Protein chains: 2
Amino acid sequence: MAKQVKIKDIAEKAGVSRGTVDRILHNRGNVSESSRKAVESVLAENNYRFNIHTSAVSLKKGFRLVISTPEAAPGEYWDTVGKGISHALDEYSDISIECTYVYYNQFDIFSCRKAFDTVADSHADAVIIGATFASETKILCGLLDKAGIPYAFIDSVIEKTNPVATYSSDQNACGRMIGRLLDLFTPEGAELAIFSSRRIGNERANNSMRRMAGMKEYFRDTGSCRTIKESKLSVLDPEESKRDVIEFMEKNPKVKGIAVLNSRGYIVSDALAGVSGNDISIVSFDLTVNNSRCIKNGTISAVICQRPEMQGFHAVKAIIRTLLYNPVEKNIRHLMPVDIIIRENIDDYKEIFTE
Amino acid sequence: MAKQVKIKDIAEKAGVSRGTVDRILHNRGNVSESSRKAVESVLAENNYRFNIHTSAVSLKKGFRLVISTPEAAPGEYWDTVGKGISHALDEYSDISIECTYVYYNQFDIFSCRKAFDTVADSHADAVIIGATFASETKILCGLLDKAGIPYAFIDSVIEKTNPVATYSSDQNACGRMIGRLLDLFTPEGAELAIFSSRRIGNERANNSMRRMAGMKEYFRDTGSCRTIKESKLSVLDPEESKRDVIEFMEKNPKVKGIAVLNSRGYIVSDALAGVSGNDISIVSFDLTVNNSRCIKNGTISAVICQRPEMQGFHAVKAIIRTLLYNPVEKNIRHLMPVDIIIRENIDDYKEIFTE
DNA sequence: CGTATTTTTGTGCACGTACACGAGAATTGG
DNA sequence: CCAATTCTCGTGTACGTGCACAAAAATACG
């Protein structure tokens, strides 16, 4: 194994001092064109790599990291994302990172605006965004771009922005999966239903819509002729949702499989708990505590899961890499694997393996 | 966020020097009883944590890591484990680790003995073992224990050993899953078959046997009365296997679902490729390149996967933590999540997310 | 008690990088 | 052409730990 090239080596080969190489590596400016060329050519043929340990050791300044996501109700999606974030911060506990959370209500665009204003004014060194409202996010990112503050996205891709990295899943594939699963879980010819969020100006419905498209795509491509009904769930009032579900099922007794395109599968499950002779298969999203309970007692057949902890974890790592070593990466879209969780494998998804 | 306690702080509080604290932390001996007590009490109430970066920086001595697993055919299980290992070594590229691979033939106990002799004589600082032969492994571990060399297991748990950590999956759960999946994939009442390795004194069949037990457990617990036939596959000669498969299916035309309890699902799939009117569902293990191909062309319905890269990755990390900080962990069994991979989600399992 | 030996303890240096500071070179303006 | 200013560059120090080495203390032995 060849010995690592160090800054001193680069400096010597280029006939300059350590300081100059350092300035170039971190493009701090104040370097003459001739030195820059000399160093860059040496750099080009020597594949220098920062030593993460010594970098971290010498780093005096602490970083201010701001994380803005929808409110993280315990055991729900964003809470799990947060666990991945904490885990990453823990892994980098030797770098001093001051972390601020700015939550907003994902169904209230005004709360989002307020939160993003706070973020913009926070003088952060880096930002991680769990985006739902596309237009608000674009505005925030414009400000961050102007200020040269790096940011990363979790859970959704927002077009026309310049994040360091984006961690999300292929929602269309998720939709196709939910189609496939319901196809398996229900008897041939049974009717199916799709429950999605009743949107309240919430553009995260974006994800929901992609999922819906994917699901329909699945049934179109496989040519299996299923009747698919659609209905909406209130995201705010669980009781209202339950009534909606029961009413819907009374009207549509032939429906034997339900795709819940958000994480509210447990609400549907709970609503149907009282119904006698329940032979309805439910597939939903996200391994929340409630969904986990329903998987275990068999009232939800499967849950599709997008590795939220891993998304949070890697977003932090990407941000820290950027903070330490400048423009290492730029706008890379990472698609997380999409896991199928059923009663038989749920237990081993408990331990958090972020990496 | 409270400021980290440093060795110097501990030393001052205990009224000794940095060197003494250092000796205690790394139990290098040569410390008086009084100093030890003083330091340990300070340590107890101050929750000191090593700074991984400075530790790594000051570490002069390079480590010799020996990794012994079954031969890693490209694209197969152990090859993927190896990718996780490389990934981890890459992540720790700033610590000088000299890594030696000692492969053995997992169907040849003599080759295993020879390999383990090499390992025992290698004067390694740490060892990672992909164990298949239980008794040989136990002997090797005895030697390592005596020499005070830490080791970790990948893929299987070997009783009566003292590894730093074990990374594996719940094989019984895997079996139950394969049962559930075949239950879903095949029409009610269809016969099923289990194909496992024809054992050649190979105790890794251990995993296979657990899977078999789990599968039977599933059908017993659900009370679904299925006829399940059993057959063996030669692990060495693919052509022989194919003939076996074809012969078996001719004799058992009612079998509509096949559980392949090792990673050779693609062989069964290929064998049945020529058979007309093929409506047989195959479920197998491990996302090897061959199985991946069959998933994509639809000849294998699902593959059950145990995150091999992650196992390799975490095994290395655990070992390195131990090398840096002595007895951080001891004999922790980590159960990896068990993923279900079907045509709809296979694409996103390609990018390696080890963490 | 004095010297030799062993045990215990303290100190200094290296690791590779980030960054501050000041010296020297280049440029500008009169 | 000289002074003032700006730009460029090199050097020194700190970061916290591991480890080597020497000093000091304790113990052994004649």
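Note that the coordinates shown come from a computational prediction; the quantities given were computed from them, not determined experimentally. Lettering follows sequence order; numbering is per chain, from 1.
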Rounded to the nearest angstrom, tell me the gap between atom [atom1] in [X] and atom [atom2] in [N].
| X | N | atom1 | atom2 | answer |
| --- | --- | --- | --- | --- |
| A:Ile24 | C:dT17 | CD1 | C1' | 16 Å |
| A:Ile95 | C:dT17 | CD1 | P | 15 Å |
| A:Ile10 | C:dG16 | CD1 | P | 14 Å |

Is any side-chain heavy atom of [X] closer than 4.5 Å to a side-chain heavy atom of [Y]?
| X | Y | value |
| --- | --- | --- |
| A:Val42 | A:Val21 | no |
| A:Glu71 | A:Trp78 | no |
| A:Asn46 | A:Asp9 | no |
| B:Val316 | B:Ile97 | no |

Parallel under 30°, tilted from 30 to 60°, perpendicular over 60°: which one fits the rings of A:His26 and A:Phe50?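 Perpendicular, since the angle between the ring planes exceeds 60°.
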How far does CD1 of A:Ile139 sit from CZ of A:Arg113, to the nearest 0.5 angstrom?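 Those atoms lie 7.0 Å apart.
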Looking just at side-chain N and O atoms, do A:Ser32 and A:Ser34 make a donor-acceptor pair shorter than 3.5 Å?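 A:Ser34 and A:Ser32 do have a side-chain donor-acceptor pair below 3.5 Å.
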When the axes are fitted on five pairs at both termini, how much does the helix from C:dC1-D:dG30 to C:dG30-D:dC1 curve, in 10° steps?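 One end's axis against the other's: 40°.
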is_close_aromatic(B:Tyr104, B:Phe116), centroid dist under 6.0 Å: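 Yes: the rings meet the under 6.0 Å criterion.
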Each nucleotide in nucleotides 9-19 of chain D should get exactly one letter: B, S or -. Can you fill that in based on protein heavy atoms under 4.0 Å? BBBBB-BBBBB
